[in-house]
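See below for the structure under consideration.
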Amino acid sequence: MPYRVLLYYYFCKIDDPAEFAAGHDAFCRELGLRGRILVADEGINGTVSGTTESCDAYIAKMRELFPNIEFKIDEVDAHQFKKLFVRVRDEVITLGVPIEHRPEELTAPHLSPSEWKQKMSEPDTVIVDTRNDYEWSLGRFEGAICPPIESFRELPNWLLEHKEEWAGKQILTYCTGGIRCEKLTTWMLEAGFENVYQLHGGIVMYGKDPVTAGENFEGVNVVFDDRVVTEVGQKASPLITTCMECGAPSANYVNCANTMCNARIILCADCEVSTGRCCSDSCREAPTKREKNRKVYESIR
């Protein structure tokens with residue numbers, strides 16, 4: 001396929017994030033890349049799409065700047081983003097609590113996919129999904145504890161509530177590509193959690209590993225581009241979510257078309273049309289409903 005999606009992050013000191021972001025934006029536009037890139041004094045976090053040639057050039061340049069950076073690479077048939085955004089932020093991933101150490105200085109041990117698979121089956125092991133509720137509702141590791149949170153910022157307080165309960169146990173943490181666990185486990189170690197580990201490369205690399213091949217992961221993985229979800233491993237796992245309207249298996253996660261509601265809902269392709277992509281009758285009749293959904297809904301009434 002002629003295009004690729006690159007997912008990456010790198011924690012390091014960037015002295016002038018604004019200057020770096022401006023130059024990086026120009027370089028990405030020169031290559032014709034699209035996507036979302038965040039830059040802060042703690043590092044860089046991004047996902048972009050582009051032609052194979054452009055992505056190869058981008059990877060080469062990034063490895064000149066950050067020799068140890070790792071990329072998760074997916075082959076696709078077209079751009080997976082509409083535009084390019086390079087933004088300066090206070091943090092490249094917002095944890096919501098201060099940490100004394102930088103993640104490149106202190107973080108939990110990384111487990112390869114095969115090591116992770118082995119530890120999952122060991123006694124006195126707690127597997128913690130560090131993603132938001134709408135992500136783990138679509139897919140997760142078997143036996144994982146899934147926190148009822150809508151934002152990564154909520155996770156530290158939730159973990160503290162379970163700290164004593166998990167004393168003496170192994171705590172395995174995972175996320176989509178690794179960045180959340182990288183920073184979260186820095187805080188966890190500072191907060192006194194022990195025996196903490198993280199899945200190297202996250203769900204994405206676990207699915208790509210030829211040995212694990214996505215085994216023990218159920219459902220699909222949420223990604224942050226136009227694909228929305230991807231399979232984990234070469235063998236598709238049965239869907240674990242259903243359409244809220246008809247009950248058919250579906251992983252089609254959309255936002256309610258009523259802009260004042262905007263709730264995340266699961267609707268199969270047919271019901272997305274028949275409901276006007278709305279979660280309720282009141283949202284279907286709301287004046288703040290998105291115009292394109294209104295037109296489609298009214299055309300079939």
Side-chain angles (χ1 to χ4, degrees), residues 7 9-11 38 40 42-43 45 89-113 115-206 216-224 232 240-241 253 264:
L7 176 66
Y9 68 89
Y10 195 75
F11 284 106
L38 300 181
E42 68 177 1
N45 173 23
R89 294 287 187 265
D90 293 334
E91 302 174 80
V92 291
I93 185 72
T94 305
L95 181 58
V97 292
I99 56 176
E100 295 179 9
H101 296 81
R102 300 178 66 88
E104 65 268 29
E105 299 169 341
L106 175 70
T107 193
H110 295 78
L111 299 177
S112 69
E115 290 171 332
W116 172 271
K117 183 180 177 183
Q118 173 60 38
K119 276 200 173 292
M120 283 178 63
S121 62
E122 293 178 359
D124 295 322
T125 296
V126 175
I127 306 165
V128 180
D129 193 315
T130 68
R131 301 170 302 155
N132 301 339
D133 54 6
Y134 78 94
E135 296 173 80
W136 55 249
S137 68
L138 285 167
R140 53 198 176 252
F141 280 103
E142 296 172 1
I145 297 174
C146 300
I149 60 171
E150 297 181 359
S151 167
F152 189 48
R153 297 181 185 90
E154 301 172 38
L155 190 54
N157 284 336
W158 182 86
L159 288 170
L160 287 174
E161 294 174 1
H162 297 273
K163 183 180 178 182
E164 292 186 7
E165 174 188 341
W166 297 339
K169 297 183 179 182
Q170 294 185 119
I171 305 174
L172 309 186
T173 66
Y174 72 91
C175 59
T176 305
I179 186 171
R180 280 177 274 196
C181 292
E182 200 85 59
K183 191 168 183 178
L184 175 70
T185 59
T186 297
W187 171 81
M188 291 180 71
L189 294 174
E190 292 180 350
F193 286 84
E194 298 178 344
N195 301 318
V196 181
Y197 300 88
Q198 59 182 306
L199 174 58
H200 185 69
I203 299 166
V204 175
M205 291 308 296
Y206 188 86
N216 302 120
F217 189 90
E218 53 185 8
V220 293
N221 184 35
V222 176
V223 293
F224 303 99
V232 178
I240 62 173
T241 48
Y253 229 135
R264 294 188 179 98

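- The side-chain heavy atoms of Thr125 and Met120, taken from C-beta on, include no pair separated by under 4.5 Å.
- Contact of the Ile171 side chain with the Met188 side chain is registered, since non-hydrogen atoms from C-beta on lie closer than 4.5 Å.
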Report the C-alpha distance between Tyr9 and Arg180 in whole Å, list the side-chain angles of each, state the deciding distance to 0.1 Å, and finish with yes or no for side-chain contact (heavy atoms from CB on, under 4.5 Å). CA-CA 10 Å; Tyr9 68 89; Arg180 280 177 274 196; over 6 Å; no
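- To the nearest 0.5 Å, the span separating CG on Asn45 from CD1 on Ile179 amounts to 3.5 Å.
- The salt bridge (Lys or Arg N to Asp or Glu O under 4.0 Å) pairs that include a residue from residues 181-201 are Glu42-Lys183, Glu91-Lys183, where partners are two or more places apart or lie in different chains.
- Between the CD atom in Glu154 and the CG atom in Asp133 there is a gap of 8.0 Å [rounded to 0.5 Å].
- Distance alone, capped at 3.5 Å, is enough to place a donor-acceptor pair between the Thr185 side chain and the Cys181 backbone.
- Listed by chain and number, the residues in a ring pair (Phe, Tyr, Trp, His ring centres under 6.0 Å) with Tyr197 amount to none (sequence neighbours excluded).
- The ring pair (Phe, Tyr, Trp, His ring centres under 6.0 Å) check on Trp166 picks up Trp158, His162, with sequence neighbours excluded.
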Full working for side-chain contact (heavy atoms from CB on, under 4.5 Å) between Glu150 and Asn132: CA-CA 5 Å; Glu150 297 181 359; Asn132 301 339; 5.9 Å; no
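- With a 6.0 Å radius and a threshold of 12 heavy atoms from other residues, nucleotides or ligands, Glu100 has its CD atom at or below the threshold.
- Within the 4.5 Å cutoff, side-chain heavy atoms of Pro156 are placed close to those of Leu95.
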Leu184 and Leu155: side-chain contact (heavy atoms from CB on, under 4.5 Å), yes or no, with the steps? CA-CA 9 Å; Leu184 175 70; Leu155 190 54; 3.6 Å; yes
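- With hydrogens and angles ignored, the 3.5 Å screen pairs a side-chain donor or acceptor of Ser151 with a backbone N or O of Arg153.
- Remark: Tyr174 engages Trp116, Phe141 in a ring pair (Phe, Tyr, Trp, His ring centres under 6.0 Å) (not counting sequence neighbours).
- Proximity of a side-chain donor or acceptor of Asp129 to a complementary backbone N or O of Ala144 within less than 3.5 Å is not detected.
- A search for salt bridge (charged side-chain N to carboxylate O under 4.0 Å, His left out) contacts involving Lys119 returns Glu122, not counting sequence neighbours.
- Between Pro147 and Arg131, the closest heavy-atom pair is CG-O, 4.3 Å.
- The nearest pair of heavy atoms linking Ser121 to Gln118 is OG-O, 2.8 Å.
- Scanning both residues, Val128 and Val126, for their nearest heavy atoms gives CG2-CG1, 3.7 Å.
- The closest side-chain heavy-atom distance from Glu135 to Tyr253 is not below 4.5 Å.
- Contact between Ile240 and Arg140 at its shortest, heavy atoms only, is CD1-NH1, 3.4 Å.
- We find the OG1-CG distance between Thr241 and Leu138 to be 4.5 Å, quoted to the nearest 0.5 Å.
- Checking side-chain atoms of Gln170 against main-chain N and O of Asn195 turns up no donor-acceptor pair under 3.5 Å.
- Distance check: Thr94 OG1 to Leu38 CG gives 8.0 Å after rounding to the nearest 0.5 Å.
- No hydrogens or angles considered: nothing links the side chains of Thr173 and Thr130 as a donor-acceptor pair under 3.5 Å.
- Proximity of Gln198 to Thr107: side-chain heavy atoms (C-beta onward) are separated by under 4.5 Å at one or more points.
- Looking only at distances, a side-chain donor or acceptor of Thr186 sits under 3.5 Å from a matching main-chain atom of Leu106.
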For the pair Thr176 and Val204, evaluate side-chain contact (heavy atoms from CB on, under 4.5 Å) and give the outcome as yes or no after the intermediate values. CA-CA 6 Å; Thr176 305; Val204 175; 4.1 Å; yes
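- Residue Glu161 qualifies as enclosed at atom CD: its count of foreign heavy atoms under 6.0 Å is above 12.
- Applying the ring pair (Phe, Tyr, Trp, His ring centres under 6.0 Å) rule to Phe152 yields no partners; only residues at least two apart in sequence or on another chain are considered.
- Proximity of Asn221 to Tyr206: side-chain heavy atoms (C-beta onward) are nowhere separated by under 4.5 Å.
- The minimum heavy-atom distance between Trp187 and Pro98, with the atom names listed, is CD1-O, 4.1 Å.
- Two residues are said to be in side-chain contact when any heavy atoms from C-beta on lie closer than 4.5 Å; Phe11 and Val92 meet this criterion.
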